[in-house]
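Scroll down for the structure; my scribbles are underneath it.
We count residues from 1, following the sequence as given.
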Amino acid sequence: MGEADPVVKEVLIDASPEEIFPYLVRADLYVLWMGLTAELDPRAGGIYRVDTNGRNVIRGEYLEVVQPRRVVFTFGFEEPGHPVPPGSTTVEIELVPQGPRTLLRLVHRRSPPERSERHREGWTHYLGRLTVVAAGGDPGKDAFADPGVSRR
């Protein structure tokens, strides 16, 4: 099995890196844009675990945390036999100031080719929600968190 090109997503957020960063490392804020529950220990070697919908649990560990500019963590699914096992891929998030706004650049690496489109779709969805919540808005109910919607 090969490796696909990285999934790269960029969004411009109406908030500073200092305002956005807590949404990447604090469990209580993380779940406002992604997941039902989160267990986050934002330090090198610390756990990254997010239950997205009651069935699909993402698990990895933080590799790098540079407040308020950069977060890198491994990423995969706890479900036995899942094609993306825990810690098998890497997600890098950079926060780049753009005047009063911030460019968030996400790069998801080492994804199996057959999963790239699913990861692209998921990050588009979740970064859209982060864009709203970090700017002070309410992203509403997460359609992906609906227990009837499988993200496998």
Closest approach of [X] and [Y], non-hydrogen atoms and distance?
{"X": "Pro68", "Y": "Pro17", "answer": "O-CB, 3.4 Å"}
{"X": "Tyr62", "Y": "Leu24", "answer": "OH-O, 3.2 Å"}
{"X": "Ser88", "Y": "Arg110", "answer": "O-NH2, 2.9 Å"}
{"X": "Arg43", "Y": "Val65", "answer": "N-CG2, 4.0 Å"}
{"X": "Ala134", "Y": "Ala15", "answer": "O-CB, 3.5 Å"}
{"X": "Met34", "Y": "Tyr48", "answer": "CE-OH, 4.1 Å"}

In this structure, would [X] and [Y] fall into the same cluster of hydrophobic residues linked by side-chain contacts under 4.5 Å?
{"X": "Leu40", "Y": "Leu32", "result": "yes"}
{"X": "Val72", "Y": "Ile58", "result": "no"}
{"X": "Leu63", "Y": "Leu95", "result": "no"}
{"X": "Leu29", "Y": "Ile47", "result": "no"}
{"X": "Val11", "Y": "Phe21", "result": "yes"}

Side-chain ([X]) to main-chain ([Y]) donor-acceptor, under 3.5 angstrom:
{"X": "Thr89", "Y": "Ser111", "value": "no"}
{"X": "Trp33", "Y": "Val133", "value": "no"}
{"X": "Arg59", "Y": "Pro85", "value": "no"}

In the structure I gave you, are the side-chain heavy atoms of [X] and [Y] within less than 4.5 Å of one another anywhere?
{"X": "His119", "Y": "Val84", "answer": "yes"}
{"X": "Thr124", "Y": "Lys9", "answer": "yes"}
{"X": "Val50", "Y": "Tyr30", "answer": "yes"}
{"X": "Val57", "Y": "Phe77", "answer": "no"}
{"X": "Leu127", "Y": "Arg129", "answer": "no"}
{"X": "Leu104", "Y": "Leu130", "answer": "yes"}
{"X": "Phe144", "Y": "Asn53", "answer": "no"}
{"X": "Val25", "Y": "Val71", "answer": "yes"}

Verify whether one side chain among [X] and [Y] offers a donor that lies under 3.5 Å from an acceptor in the other.
{"X": "Ser16", "Y": "Glu19", "result": "yes"}
{"X": "Thr90", "Y": "His108", "result": "no"}
{"X": "Asn56", "Y": "His82", "result": "no"}

Atom pair [atom1]/[atom2] of [X] and [Y] - distance to nearest 0.5 Å:
{"X": "Glu121", "Y": "Arg118", "atom1": "CD", "atom2": "CZ", "answer": "6.0 Å"}
{"X": "Thr131", "Y": "Ile13", "atom1": "OG1", "atom2": "CD1", "answer": "4.0 Å"}
{"X": "His125", "Y": "Thr52", "atom1": "NE2", "atom2": "OG1", "answer": "9.5 Å"}
{"X": "Ile20", "Y": "Thr102", "atom1": "CD1", "atom2": "OG1", "answer": "4.0 Å"}
{"X": "Arg109", "Y": "Asp5", "atom1": "CZ", "atom2": "CG", "answer": "10.5 Å"}

Notebook entry, point to check: How does the hydrophobic cluster around Val96 look, that is, which other residues are in it when side-chain heavy atoms under 4.5 Å mark a link?
Noted result: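 Besides Val96, the hydrophobic cluster comprises Leu12, Leu103, listed by chain and residue number.
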
Check: Thinking salt bridges, do Arg105 and Glu94 make one under a 4.0 Å N-O criterion?
Finding: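 Between Glu94 and Arg105 there is no salt bridge, as every charged N stays at least 4.0 Å from the carboxylate O atoms.
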
